[in-house]
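So you know, we letter chains A, B, ... as the sequences are listed, proteins then strands, and number each from 1. Computed from a predicted structure; not experimentally measured.
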2 protein chains.
Amino acid sequence: MSSNAARAGHGESRQDAILDAAERAFAADGYQGAAMRAIAEAAGVAQGLIHYHFKTKEKLFEAMVARRSDQINARRAALVAALFAQGDPPRLEQIVEALFRPTIETGLDLARDGGAFARILVSFANSADPRDQKLIEVHYDPIAQTFIDALMRVEPGLSRADAVWAYMFAIGVGMTMMAKTGRPARLSGGICDDGDAEAMLSRIVPFICGGVRALVEG
Amino acid sequence: MSSNAARAGHGESRQDAILDAAERAFAADGYQGAAMRAIAEAAGVAQGLIHYHFKTKEKLFEAMVARRSDQINARRAALVAALFAQGDPPRLEQIVEALFRPTIETGLDLARDGGAFARILVSFANSADPRDQKLIEVHYDPIAQTFIDALMRVEPGLSRADAVWAYMFAIGVGMTMMAKTGRPARLSGGICDDGDAEAMLSRIVPFICGGVRALVEG
DNA sequence: GTCTATAGTTCGATAGAC
DNA sequence: GTCTATCGAACTATAGAC
């Protein structure tokens with residue numbers, strides 16, 4: 001067994017430990033706010049080791065994004081493919097659900113990080129910084145095209161331009177679900193809870209589908 | 001005339017010059033990424049003067065947010081009030097337009113900043129950082145309640161919980177309009193342009209109204 | 001009110017032993 | 001592959017002259 005294979009006791013390499021700590025730190029404090037020192041301490045490794053494995057802070061961030069994105073988007077692609085592999089064509093509602101469920105379940109499933117990666121996505125998706133957009137282009141534009149195509153297949157009245165806008169708007173709505181700001185509770189006197197992803201999905205899906213169909217009719 | 005009254009030649013106090021430079025810097029580099037040194041240089045003042053007027057970086061940020069927010073939200077409140085002051089009740093479409101137009105026009109109207117404040121709002125609205133949420137609570141929750149009430153008045157079938165969710169989702173969609181990431185052009189091969197706020201509004205308004213009405217019917 | 005100069009801290013990255 | 005130790009360059013904030 002090589003020295004960096006499964007670590008004794010918890011089956012995680014030091015590289016993974018660093019990526020996990022980085023994910024939490026970037027989610028909590030942002031890219032600029034997260035310190036390499038703090039990430040090293042949280043990962044239980046020396047700061048120098050991070051630079052040995054990932055060279056720079058920026059490359060560490062990219063590796064962290066790539067790891068989780070590839071995992072999420074493989075699942076999203078599989079869900080869409082499965083929907084179209086059935087006998088009759090899927091409903092719009094199923095496409096929209098496939099858009100979000102893998103992301104929220106990656107956050108909940110791993111549980112340990114309290115949706116850290118989802119929070120990174122939120123501060124990321126709407127960034128105009130060319131560095132962020134480059135990462136989005138590489139890791140998210142291909143799956144976006146898959147969903148845009150899917151929207152046009154299930155709603156034949158939708159033009160390509162409208163499908164692109166619809167996708168962007170849908171992502172914008174989804175961000176409000178992943179941000180977990182606590183604002184819905186504040187605005188509603190406690191009635192609305194943005195910590196309940198399942199409850200939010202049940203409102204987000206009809207909202208987006210209503211929006212998409214309004215574009216079709218317009 | 002006191003020494004800090006209208007500056008010779010361009011009628012702007014040094015405090016305003018600092019706030020303008022801060023707005024641009026925070027928009028371009030984020031809160032952590034924007035340096036007091038750079039803000040001072042852009043404003044054409046000594047770094048010490050910023051601390052004299054605003055004490056700390058955090059208080060400077062708050063003052064910058066307060067200035068523009070109060071301006072935008074006064075305009076939004078006036079638009080909603082005017083809509084309900086007419087004879088017959090306004091349409092949902094008019095409420096949604098009143099939600100966004102003052103913000104995009106503050107960006108375009110001032111022109112000089114290329115929508116800098118809108119970009120700050122984007123990186124701001126979805127932040128779970130307690131400091132950001134405190135600012136949102138103070139400067140945006142009151143106007144949010146105004147719009148939530150307006151939604152319930154023009155769509156009587158909407159429950160309060162649904163109106164709060166609808167408001168949150170609408171803001172999420174609006175963020176995709178203000179972010180100016182260039183992604184729509186990338187995804188559409190150049191057909192969609194997120195630099196054209198007016199064209200985006202004409203899609204965003206029907207999308208959101210379709211979403212709201214879907215919640216009513218649901 | 002505005003400036004210069006700098007104190008005091010923290011950061012990303014590297015060097016070199018093991 | 002991993003550590004300790006440290007360099008050099010930022011940063012925010014303050015002190016004090018004008």
Side-chain angles (χ1 to χ4, degrees), chain A residues 1-65 67 120 129 131-132 135, chain B residues 1-65 67 129 131-132:
Chain A
M1 185 198 302
S2 75
S3 66
N4 71 338
R7 310 295 310 169
H10 54 292
E12 185 180 54
S13 74
R14 272 169 155 79
Q15 288 207 41
D16 283 335
I18 292 168
L19 290 173
D20 289 346
E23 190 172 283
R24 276 187 280 264
F26 286 130
D29 306 319
Y31 178 78
Q32 310 262 9
M36 297 293 270
R37 286 176 147 77
I39 294 172
E41 189 179 10
V45 304
Q47 190 182 345
L49 188 61
I50 304 185
H51 287 97
Y52 171 79
H53 282 305
F54 301 98
K55 278 299 185 195
T56 67
K57 185 181 186 181
E58 187 174 340
K59 289 193 171 67
L60 169 63
F61 185 78
E62 292 174 5
M64 180 272 294
V65 169
R67 178 182 67 155
I120 289 170
D129 184 326
R131 288 210 177 92
D132 291 336
L135 280 184
Chain B
M1 185 199 305
S2 76
S3 68
N4 72 339
R7 310 295 310 169
H10 53 293
E12 185 179 55
S13 73
R14 272 168 155 78
Q15 287 207 40
D16 283 335
I18 292 168
L19 290 173
D20 289 345
E23 189 172 283
R24 276 188 280 265
F26 286 131
D29 305 319
Y31 177 79
Q32 310 262 9
M36 296 293 270
R37 284 176 147 77
I39 294 172
E41 190 179 11
V45 304
Q47 191 182 345
L49 188 62
I50 304 185
H51 286 97
Y52 171 79
H53 282 305
F54 301 98
K55 277 301 184 192
T56 67
K57 185 181 186 180
E58 188 175 338
K59 289 193 171 69
L60 169 64
F61 185 78
E62 292 174 6
M64 179 273 293
V65 169
R67 178 182 66 154
D129 184 326
R131 288 209 177 93
D132 292 336

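- Between the C1' atom of dT2(D) and the CZ atom of F54(A) lies a distance of 14 Å, rounded to the nearest Å.
- From F61(B), atom CZ reaches atom OG1 of T56(B) across 12.0 Å, with rounding to the nearest 0.5 Å.
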Evaluation steps, salt bridge (charged side-chain N to carboxylate O under 4.0 Å, His left out), between R131(A) and E62(A):
CA-CA 10 Å; R131(A) 288 210 177 92; E62(A) 292 174 5; over 6 Å; no
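- Using modelled atom types, no side-chain atom of K57(A) and backbone atom of A35(A) make a donor-acceptor pair closer than 3.5 Å.
- Residue I50(B) contributes atom CD1, which lies 14 Å from atom C1' of dT14(D) at whole-angstrom precision.
- Note on R14(B): every side-chain N or O is 4.0 Å or more away from OP1 and OP2 of dG1(C).
- With a 4.5 Å cut-off on side-chain heavy atoms, L49(B) and H53(B) count as touching.
- In this structure, Q47(A) and E41(A) have side chains that are not in contact, with every pair of non-hydrogen atoms separated by 4.5 Å or more.
- Between the Y31(A) side chain and the E58(A) main chain, a donor and an acceptor come within less than 3.5 Å of each other.
- Counting to the nearest Å, the P atom of dC11(D) and the CD1 atom of I39(B) are 11 Å from each other.
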Would you mind building the protein contact string for nucleotides 4-18 of chain C? One character per nucleotide, 5' to 3', B for base within reach (heavy atoms under 4.0 Å), S for sugar-phosphate only, - for untouched.
B------BBBB----
